[in-house]
Participant: 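Questions regarding the structure given below will be posed in turn.
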Amino acid sequence: MTVRTRIAPSPTGDPHVGTAYVALFNLCFARQHGGQFILRIEDTDQARSTAESERDILRALRWLGLEWDEGPDVGGPYAPYRQSERKGDYRQYAMELVDKGHAFYCFRTPEELEAIREERKAQGLNPGIKGDLELPADEVKRRLDAGEPYVIRMKVPDEGVCQIDDMLRGTIEIDWAQVDCQILLKSDGMPTYHLANVVDDHLMAITHVLRGEEWINSAPKHKLLYEYFGWQMPVLCHMPLLRNPDKSKLSKRKNPTSINFYERMGFMPEAVLNYLGRMGWSMPDEREKFTLDEMVANFDIQRVSLGGPIFDMDKLRWLNGVWLREDLSDEQFMDRMRDWWFNREALAELVPHIKGRAEIFSDVAPMAAFMFSGLLNLTPEDFNHSKLDDGTLRRVVQFTLWRLEAQRHWSKANIFADIKALAKAMDLKMGDFMTPIFVAIAGTPNSWSVMDSMALLGPDMTRSRLRHALNVLGGFSKKETKTVEKEYASLALD
Ligand code: GLU
């Protein structure tokens with residue numbers, strides 16, 4: 001048997017360090033066994049998937065030095081590697097399960113489903129969708145003929161315990177009562193993650209599934225699907241979730257999670273990958289610094305420890321410093337720095353702003369320095385330019401942060417629309433609203449369009465700077481936060 005592993009990102013946002021982390025372990029596992037590592041794009045959620053996000057994910061994983069043997073860009077014997085291109089196939093598999101009596105048509109309206117959930121809740125049961133929703137065959141036929149919308153759901157036992165074998169966790173037991181009759185095929189004919197994932201893992205001959213622990217609860221559904229189809233299930237392994245230094249689940253609200261951010265900050269990809277390799281795993285000799293090849297050569301999945309590994313940017317910085325000093329000759333340091341600093345693509349976007357304001361080249365560095373920095377050196381006095389009172393000032397920064405945290409499509413136009421809506425809802429003039437934002441992002445109100453700057457700096461860097469500015473301004477106490485959250489929720493934002 002050839003070991004085949006995969007990473008299966010959904011292209012719905014920035015390339016996440018968690019994706020790179022799981023990809024790294026899948027790659028090491030496959031390489032160690034002389035097998036193959038596959039990249040598959042899971043874009044069945046058509047409303048949220050974008051081509052741009054897919055491109056960014058592939059680019060970021062490559063930047064880190066991760067290479068896949070098969071994937072949407074490199075092809076392979078099991079193509080296509082993008083679920084939207086296989087979508088015709090999934091329906092047939094869902095129907096196979098209906099024919100075998102393992103799945104059924106469900107015509108319930110959202111209101112009816114809600115009533116079922118409420119009823120179950122009232123009985124102290126898990127409010128999932130379970131049990132007897134199947135209609136008699138003639139009724140199904142009548143409704144299908146009438147063109148009623150439907151979904152296909154899988155049947156799930158009401159009682160008993162499902163046992164899942166996990167490479168790291170041994171046998172995990174989950175009560176079937178907790179598992180709902182999962183939708184397999186949506187009313188638009190698209191498969192859900194569960195169906196597409198199982199079908200593709202089977203068709204692509206995946207032997208081992210290493211994925212984040214947030215998928216443990218999906219495992220019973222998957223196990224059942226493999227049984228229903230009569231297929232061999234891959235071996236499962238649920239990796240521990242990365243955590244913020246305060247031990248909460250790593251989230252962009254607290255920590256930059258986008259690989260783009262680390263690239264933009266000027267980290268070395270080797271160091272980032274090395275650091276991800278230290279997340280819950282260690283070399284037999286416990287050394288902190290190692291290359292991907294060294295990791296592969298020494299890889300043993302059983303060395304993964306389950307205590308939530310903490311992704312701490314300060315530690316990563318330290319490790320990066322070691323890499324810079326030990327691994328780059330002065331020549332290489334120069335080359336890397338030049339490539340980072342004079343990245344033509346990034347510069348091309350900056351030049352139009354700089355050209356109109358500079359008279360001599362030495363004007364450029366001071367005015368553009370904030371575009372090449374991490375967090376700015378701010379003091380509360382830097383915000384004295386603002387006419388707003390202290391409470392409003394902090395609200396402007398906080399509300400902008402919250403609004404931009406929710407922004408899925410990062411572009412100048414969308415940032416502008418967000419800010420305009422906030423200023424309007426807070427009844428502030430755009431200029432007054434923008435001054436503290438200028439200071440937070442550029443360090444001074446005298447810069448070029450801060451919307452452009454935010455668009456170029458990207459979501460993680462923008463959010464980090466807003467968060468930092470809020471801290472510099474003293475932030476909000478726990479009690480205040482409650483009030484401010486309520487105020488935000490009641491703003492008339494469209
Ligand atoms: N598409 C899923 C994700 O975004 C894949 C989960 C899995 O590996 O099964 O993480």
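Ligands are counted one by one from 1 in listed order, and the atoms in each one are counted from 1 as well. Every value quoted in this text rests on a predicted model; they were computed, and no experiment measured them.
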Participant: Counting from 1, what ligand 1 atoms have a heavy atom of Asn197 closer than 4.0 Å?
Facilitator: 7 (C), 9 (O)

Participant: Can you report which non-hydrogen protein atom sits closest to atom 4 (O) of ligand 1, along with the distance?
Facilitator: Ser10 OG, 3.2 Å

Participant: Using a strict 4.0 Å cut-off to heavy atoms of Glu42, name the atoms of ligand 1 that fall inside it.
Facilitator: 1 (N), 2 (C), 5 (C)

Participant: Do me a favour and list the nearest non-hydrogen protein atom to atom 8 (O) of ligand 1 with residue, atom name and distance?
Facilitator: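 Protein heavy atom at minimum distance: Arg6 NH1, 2.5 Å.
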
Participant: To the nearest 0.1 Å, how far is atom 9 (O) of ligand 1 from its closest protein heavy atom, and which atom is that?
Facilitator: Tyr193 OH, 2.7 Å

Participant: Identify the heavy atoms of Phe25 and Leu210 that sit nearest to each other, and give their distance.
Facilitator: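 Taking every non-hydrogen atom into account, O-CD2, 3.7 Å.
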
Participant: State plainly whether the residues Arg31 and Asp69 are in salt-bridge range, i.e. N to O under 4.0 Å.
Facilitator: yes

Participant: I need the nearest protein heavy-atom contact for atom 10 (O) of ligand 1: residue, atom name and distance, please.
Facilitator: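 So the nearest neighbour among protein heavy atoms is Trp215 CZ2, 3.4 Å.
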
Participant: Heavy atom under 4.0 Å from ligand 1: found in Thr19's side chain, backbone, both, or neither?
Facilitator: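 It is neither part, as no heavy atom is under 4.0 Å.
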
Participant: Quick one: nearest non-hydrogen protein atom to atom 5 (C) of ligand 1, plus distance?
Facilitator: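 Minimum-distance protein heavy atom for atom 5 (C) of ligand 1 reads Ala8 O, 3.3 Å.
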
Participant: For the pair Tyr193 and Glu42, evaluate side-chain hydrogen bond (donor to acceptor under 3.5 Å, both in side chains) and give the outcome as yes or no after the intermediate values.
Facilitator: CA-CA 8 Å; Tyr193 152 74; Glu42 299 209 327; 5.4 Å; no

Participant: Is the closest basic N to carboxylate O distance between Asp180 and Arg153 below 4.0 Å?
Facilitator: no

Participant: So, are Asp460 and Lys252 salt-bridged, with charged N and O less than 4.0 Å apart?
Facilitator: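 Judged by the 4.0 Å cut-off on N to carboxylate O distance, Asp460 and Lys252 do not form a salt bridge.
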
Participant: Using a 3.5 Å cut-off on N or O atoms only, is Val209 in polar contact with ligand 1?
Facilitator: no

Participant: Check the pair Gln92, Glu96 against side-chain hydrogen bond (donor to acceptor under 3.5 Å, both in side chains), reporting the backbone distance first and the verdict last.
Facilitator: CA-CA 6 Å; Gln92 159 208 333; Glu96 179 183 329; 5.5 Å; no

Participant: Just which atoms of ligand 1 are under 4.0 Å from any heavy atom in Arg211?
Facilitator: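 The atoms of ligand 1 under 4.0 Å from a heavy atom of Arg211 are 7 (C), 8 (O), 9 (O).
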
Participant: How many angstroms lie between CG in Leu225 and NE2 in His202, if you round to the nearest 0.5 Å?
Facilitator: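 So the gap between those two atoms works out to 12.5 Å.
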
